[in-house]
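Following: one structure in structure tokens, then a few remarks.
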Amino acid sequence: MDTLFLLHIVSNIMGVSCFLFCAVLAIAYLVHDRQLRSKHLHLEHGHILSLQTLDRLLFRMLLTGFVLLTMGLGTGMWTLARSQSDNFSASRAFAVASWCVFAWVLIARVVWGWRGRRAAFGMLLGCSGVTLALIGYFVRTLGGQ
Amino acid sequence: MSASLAKIAVWGVSYRTAPIEVREQLAISETQLPETLQMLRSADSAPEVVCLSTCNRTEIYTVTDKVHDAEARARELFQAHFPMLRWQEHVYHRADEEAVRHVFRVASSLDSMVLGEPQILGQVKRAYELAHAQGTAGTLLGRCFTSALGVGKKVRQRTELGRGHVSVSAIAVELVQRVFGDLATLEVGLVGAGDMAEAALESLKAYAGRWKVTNRTLSNAEQLAERFQSLTVVPWSERDGLMQGVDILIMSTSSQEPLLTNKDAKRILRKRRYKPWCVLDLGLPRNVAPDVANIDGVFVYNVDDLQQIALENQAQRAEAAKAAEAIVETETEAFMQWWHALSVTESVKKFRQHTEALVKAVLDTHPSAKTLGEAEREHLAQSIASKWLHQPLTSLKQSASELDAEALAVALERLFFRGPQ
């Protein structure tokens with residue numbers, strides 16, 4: 001198998017795993033945030049991750065996933081260019097759209113310090129794009145295209 | 001003393017029966033406890049004694065067959081500490097099953113002033129360890145207290161009784177920890193230097209690192225800073241900088257208008273690069289505009305919010321107390337069964353020795369057994385007695401947990417040792 005294509009597959013799988021974990025963290029963040037605002041929470045002695053810790057984890061995981069997704073997209077485009085195929089596919093469009101959303105969330109974080117619910121919703125939006133890209137890929141593969 | 005006649009008894013005063021001025025006179029310090037235990041113990045009337053003394057209760061547990069003697073000693077001890085004590089009014093007494101249930105409830109924190117508070121289990125454990133070290137906790141109180149510790153742990157593990165804080169200050173700390181995690185590196189700002197600010201400072205100072213205070217009348221802030229070290233005073237005109245720089249803001253001024261509006265909070269949050277911001281509004285009227293709580297990244301809690309959470313947690317503990325009471329009931333029943341079985345143990349022991357002696361006497365006189373040595377005859381007598389008594393004694397012990405153990409012990413005594421009276 002072509003090394004570039006192998007790199008494309010590995011980085012995409014790892015990137016998607018990171019984003020799935022990001023989605024879990026983002027949901028945990030939003031649930032925790034909602035509980036803290038509801039003021040009806042039953043406080044227990046326990047080791048629940050604080051909002052700040054969740055936020056930090058989310059950012060690190062997003063950064064890792066973003067680097068991997070960029071590698072996955074880059075190697076994918078390179079492979080596509082080499083094969084001189086100009087087929088448009090929905091999964092590619094979703095992957096590029098997700099990359100843009102993640103890039104925006106990261107830029108907003110670095111430049112303006114955006115975090116909290118806004119960042120978590122942005123993350124979930126990007127993760128939905130990645131999921132749709134993945135579904136598109138499987139549909140295309142199973143459809144024999 | 002015959003186990004079948006022994007009673008577990010407790011005399012005590014607690015927050016339910018005596019005001020603090022009585023309780024503080026009757027409190028027995030840990031250094032006084034060994035002497036007190038020895039004073040209360042008496043070889044013939046109270047061979048076992050455990051003393052539990054906390055800020056909310058002083059209790060004396062004894063095993064006795066002479067209740068009046070034990071009570072006289074307890075009365076002597078209490079009245080030596082507090083001569084004006086109105087015995088009947090302040091001192092409660094429980095015996096047998098009631099006493100066992102009482103210590104189980106105490107260890108489970110069902111009898112505590114703050115339902116479900118965790119300290120009592122450690123205090124009961126310490127009381128038992130001290131009595132054990134002094135040799136005043138024997139079979140019965142030993143078992144009773146180790147069971148009580150087990151019940152306390154079971155209640156904490158299986159029910160929600162100890163979960164959730166019920167004091168406003170502990171709730172505030174917990175909420176802030178849920179936002180930031182470790183508080184040691186955080187900065188806390190106080191806007192206002194009145195009684196509420198001081199109370200908040202008192203509750204939170206052990207957790208957070210750096211503190212700043214500002215007040216319209218600067219001298220009040222300076223007075224507060226004198227009482228609490230590591231408190232930096234900031235002039236009122238620079239309060240915006242203070243608010244922006246701190247992670248936790250405690251507002252407690254008597255201002256009639258909100259000091260922190262939605263616009264201010266958004267501006268400050270932008271400057272903080274949207275880092276989480278916790279605002280505790282202890283002022284009345286409120287110092288923070290209500291819509292500030294809707295801003296992403298700002299967590300506002302006022303006095304009502306904290307009290308509301310405390311009330312909900314109290315209600316949840318009260319609900320959990322029902323499950324805890326059921327555990328106490330089951331364990332009390334199990335203990336009473338064990339105790340009943342114990343009361344026939346002495347009679348069983350005597351019966352076994354009696355049977356062994358009879359068999360041995362027969363063997364000693366039987367011609368064919370004369371060839372055996374003394375040790376062999378003794379061993380043979382024990383084996384025959386064990387085999388012969390195994391089934392009836394097992395049934396007897398089982399029956400003792402279900403039937404009236406004392407009556408069974410008396411029946412055994414009459415059948416084999418004293419004959420009909």
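Every chain is numbered from 1 and lettered A, B, ... according to where its sequence line falls, protein lines coming before strand lines. Note that this is a predicted model, so its numbers are computed, not measured.
Other residues, nucleotides and ligands contribute more than 12 heavy atoms inside 6.0 Å of the OH atom of Tyr15(B). Arg273(B) CZ: more than 12 foreign heavy atoms inside a 6.0 Å radius.
The distance from the CZ atom of Phe180(B) to the OG1 atom of Thr53(A) is 11.0 Å, given to the nearest 0.5 Å.
Contact residues of residues 98-122 of chain A toward chain B are Arg109(A), Val110(A), Val111(A), Trp112(A), Gly113(A), Trp114(A), Arg115(A), Gly116(A), Arg117(A), Arg118(A) (heavy-atom distance under 4.5 Å). Of residues 288-296 of chain B, those residues with a non-hydrogen atom less than 4.5 Å from any non-hydrogen atom of chain A are, in numerical order, Ala293(B), Asn294(B), Ile295(B), Asp296(B). At a heavy-atom separation below 4.5 angstrom, chain B is approached by no residue within residues 55-67 of chain A.
Pairing each heavy atom of Leu36(A) with each of Tyr301(B), the nearest pair is O-OH, 2.5 Å. The nearest pair of heavy atoms linking Gly181(B) to Ser50(A) is N-CB, 3.2 Å.
The salt bridge (Lys or Arg N to Asp or Glu O under 4.0 Å) contacts involving residues 241-268 of chain B comprise Asp240(B)-Arg267(B), Asp247(B)-Arg272(B), Asp264(B)-Arg267(B), where partners must be two or more places apart or lie in separate chains.
Val298(B) touches chain A through its backbone: at least one of N, CA, C or O sits under 4.5 Å from a heavy atom, while the side chain does not.
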